[in-house]
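A short write-up of the structure that comes next.
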Amino acid sequence: WAYTDDICQIHLGRQVVGARVYHPDNDSPNYVQPNGAGTTNTIVRAELAAIAAAIFQGQSHITTDRLSSLHQFRKQTLYPGFIASVSKTIFKKVLYSLRNSPTPICLYKVKSHTEIAGNECADAIAKHQAIQ
């Protein structure tokens, strides 16, 4: 299992965005492009980048608290010709990984801030990661 999360907050007078993946089985975080760099420069892209990172790390059960990210993956799977230019490279890699994975990859929606341990850890890590 892997828990993904994004964060957007004000730090030292400026907006910071970040993404991360939390692996509860080995209690380790994975930071995805700190400080809103590259594909994580918006809150929506940050969550998509975290989900992609979990897929690329070989995770088969991935959670997110952002339903719009799951809708975006579904839309890109059904209509790959309509991939947004900013996210085109990452979506192509993700779709390739989803189609060619030796095991099924499952994406799950979890409620945010509802005491789900893995999701709360991902949230705490996100807050720390965004200001790094």
Side-chain angles (χ1 to χ4, degrees):
W1 284 86
Y3 293 84
T4 63
D5 207 357
D6 56 57
I7 187 72
C8 180
Q9 66 184 19
I10 303 298
H11 178 70
L12 300 175
R14 69 180 186 97
Q15 179 178 314
V16 291
V17 179
R20 73 253 122 264
V21 179
Y22 174 68
H23 308 281
D25 55 339
N26 60 9
D27 198 36
S28 68
N30 174 262
Y31 302 115
V32 182
Q33 292 182 313
N35 294 316
T39 59
T40 66
N41 66 348
T42 69
I43 194 75
V44 174
R45 288 186 205 145
E47 184 73 20
L48 293 173
I51 293 169
I55 290 170
F56 300 150
Q57 294 165 9
Q59 298 294 321
S60 59
H61 297 281
I62 302 164
T63 68
T64 178
D65 60 9
R66 187 169 294 278
L67 186 58
S68 63
S69 294
L70 296 179
H71 287 296
Q72 188 69 21
F73 273 108
R74 184 172 190 273
K75 179 181 175 183
Q76 300 308 330
T77 302
L78 295 174
Y79 309 105
F82 294 101
I83 297 174
S85 61
V86 174
S87 306
K88 187 175 280 191
T89 303
I90 197 167
F91 272 117
K92 283 185 176 183
K93 290 178 182 177
V94 167
L95 292 175
Y96 179 83
S97 296
L98 288 172
R99 290 183 180 125
N100 295 300
S101 174
T103 59
I105 297 172
C106 302
L107 302 174
Y108 301 92
K109 164 67 172 89
V110 296
K111 288 186 177 183
S112 60
H113 310 293
T114 55
E115 305 299 321
I116 297 172
N119 194 54
E120 293 300 321
C121 287
D123 185 56
I125 293 165
K127 290 175 183 169
H128 172 76
Q129 182 270 338
I131 59 174
Q132 297 303 307

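Throughout, residue positions are numbered sequentially from 1 according to the sequence presented.
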Between Tyr108 and Leu70, is there a side-chain heavy-atom distance shorter than 4.5 Å?
no
Below 4.5 Å, heavy atoms only, C-beta onward: do Leu107 and Thr64 meet side chain to side chain?
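Counting from C-beta outward, Leu107 and Thr64 never come under 4.5 Å.
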What are the two closest heavy atoms between [X] and [Y], and how far apart are they?
X	Y	answer
Pro104	Ser60	O-CB, 3.5 Å
Thr63	Tyr3	OG1-CD2, 2.8 Å
Trp1	Pro24	O-CD, 3.5 Å
Val21	Ala50	CG2-O, 3.2 Å

Is Ile105 reachable from Phe56 through a run of hydrophobic residues whose side-chain heavy atoms are each under 4.5 Å from the next?
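Yes; Ile105 is reachable from Phe56 via cluster members.
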Is Leu67 linked to Ile55 within one hydrophobic cluster, defined over Ile, Leu, Val, Met, Phe, Trp and Tyr using a side-chain heavy-atom separation of less than 4.5 Å?
yes
With sequence neighbours excluded, what pairs up with His71 under the ring pair (Phe, Tyr, Trp, His ring centres under 6.0 Å) test?
none
Heavy-atom neighbours of Lys93 NZ exceed 12 at 6.0 Å
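Result for NZ/Lys93: open.
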Option among Gln59, Arg66, Glu47 that satisfies the side-chain hydrogen bond (donor to acceptor under 3.5 Å, both in side chains) test with Thr4
Glu47
